[in-house]
Protein chains: 2
Amino acid sequence: MLDDVGDLYQALADPTRRLILDELTGRDGQTLFEICGRLATKHQVGSSRQAISQHLDVLEAAGLIVTRRQGRYKFHHLDTRPLRSITERWLRSTEPTRENP
Amino acid sequence: MLDDVGDLYQALADPTRRLILDELTGRDGQTLFEICGRLATKHQVGSSRQAISQHLDVLEAAGLIVTRRQGRYKFHHLDTRPLRSITERWLRSTEPTRENP
DNA sequence: AGCATATGCAAGTCACGGCTTGCCTATCAA
DNA sequence: TTGATAGGCAAGCCGTGACTTGCATATGCT
């Protein structure tokens, strides 16, 4: 039985998606086009708009960003709460082995 | 320019590797064969010994486990310190956009 | 209405990662 | 020394995921 939070870790596995989170950390609530432009100029990311859009879908599925529609704009907001579960998962309640007293 | 800590996130991306970390959290300092056995019995992981060994290599490269050789045994110890950087990376110092005051 | 802007959908390509298979090395016990 | 145990190395298969390309939809401005 594998865990059911794979989406979160999968989302963080891609370096471009981590840069997107970085961008939203610095400036929350950006649109797709804004993110594309900033990734290109500030981080030399040459991916297409569709590629970034797909990344945003993955991040949203992981619960790391929430979106808000307003007219033809779609604003992306960061939600870092899921990240806490990562550190908390492997808190040591270690029962040492005989070889490691 | 992408980040240089990709190994950490890549290591966490695989569900079997996360289970290995779970196992070491419960009982630190296990050998490869111990981990294989416990993954099989407790978590229904049917991967081969070589597969688990490769996973351990990835986790070690990510700095999440450290190994200690003793005779023909190799003990694997958890090191959760790299995990802190994940939560800390996206701490909000947000400059809100005009659309998100 | 007509056009530009902002985003969505879908199929196809291609490289990488997880896993297996097969064989090899090293340590310890009888 | 022989056999069993613990682990390592390398090549190959194969599915998944990141990216592109092409087209479609929707909103707003003039």
Side-chain angles (χ1 to χ4, degrees), chain A residues 2-3 6-21 23-24 29-40 43-62 64-77 97-100, chain B residues 2-3 6-21 23-24 29-40 43-62 64-77 97-100:
Chain A
L2 302 177
D3 55 61
D7 283 357
L8 173 60
Y9 297 92
Q10 278 295 335
L12 293 174
D14 187 87
T16 302
R17 282 197 287 269
R18 293 196 293 272
L19 280 182
I20 292 176
L21 296 182
E23 249 309 301
L24 290 177
Q30 298 187 58
T31 68
L32 171 59
F33 269 43
E34 283 180 287
I35 296 171
C36 286
R38 287 175 164 248
L39 284 183
H43 303 281
Q44 285 77 40
V45 174
S47 300
S48 68
R49 174 184 60 84
Q50 287 81 353
I52 305 297
S53 176
Q54 289 168 8
H55 282 311
L56 289 173
D57 289 342
V58 174
L59 289 171
E60 185 172 15
L64 288 169
I65 63 176
V66 291
T67 60
R68 176 172 55 94
R69 267 243 164 212
Q70 186 172 335
R72 53 177 168 174
Y73 300 106
K74 185 177 182 182
F75 302 107
H76 300 80
H77 298 269
T97 61
R98 188 170 15 121
E99 298 82 4
N100 179 41
Chain B
L2 302 178
D3 56 58
D7 283 357
L8 173 60
Y9 297 93
Q10 278 296 334
L12 293 174
D14 186 87
T16 302
R17 283 196 287 269
R18 294 195 293 273
L19 280 182
I20 292 176
L21 296 181
E23 249 309 302
L24 291 178
Q30 297 187 58
T31 68
L32 170 59
F33 271 42
E34 282 180 287
I35 296 172
C36 285
R38 287 175 165 248
L39 285 183
H43 303 281
Q44 284 77 40
V45 174
S47 300
S48 68
R49 174 183 61 85
Q50 287 82 353
I52 305 297
S53 177
Q54 289 169 7
H55 282 311
L56 290 173
D57 290 341
V58 174
L59 289 171
E60 185 172 16
L64 287 169
I65 63 176
V66 291
T67 60
R68 175 172 56 94
R69 266 243 166 215
Q70 186 173 335
R72 53 176 168 175
Y73 300 105
K74 185 177 183 183
F75 302 107
H76 300 80
H77 297 269
T97 61
R98 189 169 14 117
E99 298 83 3
N100 180 40

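Every chain is numbered from 1 and lettered A, B, ... according to where its sequence line falls, protein lines coming before strand lines.
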Rounded to whole angstroms, how far apart are [atom1] on [X] and [atom2] on [N]?
X	N	atom1	atom2	result
A:Gln50	C:dG12	CD	C1'	14 Å
B:Gln54	D:dA11	CD	P	13 Å
B:Phe33	C:dA26	CZ	P	17 Å
B:Tyr73	C:dT27	OH	C1'	9 Å
B:Leu32	C:dT27	CG	P	17 Å
A:Arg49	C:dT7	CZ	P	8 Å
B:Asp57	D:dA10	CG	P	12 Å
B:Tyr9	D:dG17	OH	P	20 Å

Is a donor on one side and an acceptor on the other found under 3.5 Å between the side chain of [X] and the backbone of [Y]?
X	Y	result
B:Glu60	B:Asp57	no
B:Arg18	B:Ala13	yes
B:His55	B:Arg17	no

So, does [X] get its side chain near the phosphate of [N], meaning an N or O under 4.0 Å from OP1 or OP2?
X	N	value
A:Ser53	C:dT7	no
A:Thr31	C:dA6	no
A:Arg17	D:dA18	yes
B:Lys74	C:dA26	no
B:His55	C:dG17	no
B:Ser48	C:dC19	no

* Quick one: are B:Phe75 and B:Thr67 in side-chain contact, heavy atoms under 4.5 Å? ->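 Side chain of B:Phe75 against side chain of B:Thr67, heavy atoms only: no contact under 4.5 Å found.
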* Flag the pair A:Leu21 / A:Ile65 as yes when at least one side-chain heavy-atom distance between them is below 4.5 Å, and no otherwise. =>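 The answer is yes; the side chains approach within 4.5 Å.
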* For A:Arg69 and A:Ala13, take the nucleotide of DNA chain D holding the closest heavy atom to each; which residue's nucleotide lies nearer the 5' end? ->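 Nearer the 5' end of the strand: A:Ala13.
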* Asked: Between the base of D:dT5 and the side chain of B:Arg72, is there any donor-acceptor pair under 3.5 Å?
  ->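 Pair found.
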* Out of C:dC19, C:dG8, C:dT27, which has the shortest distance to the side chain of B:Ala51? -> C:dC19
* Asked: How is B:Gln10 classified with respect to the nucleic acid when contacts are heavy atoms under 4.0 Å: base, sugar-phosphate, or nothing?
  ->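 The residue B:Gln10 makes no contact with any strand.
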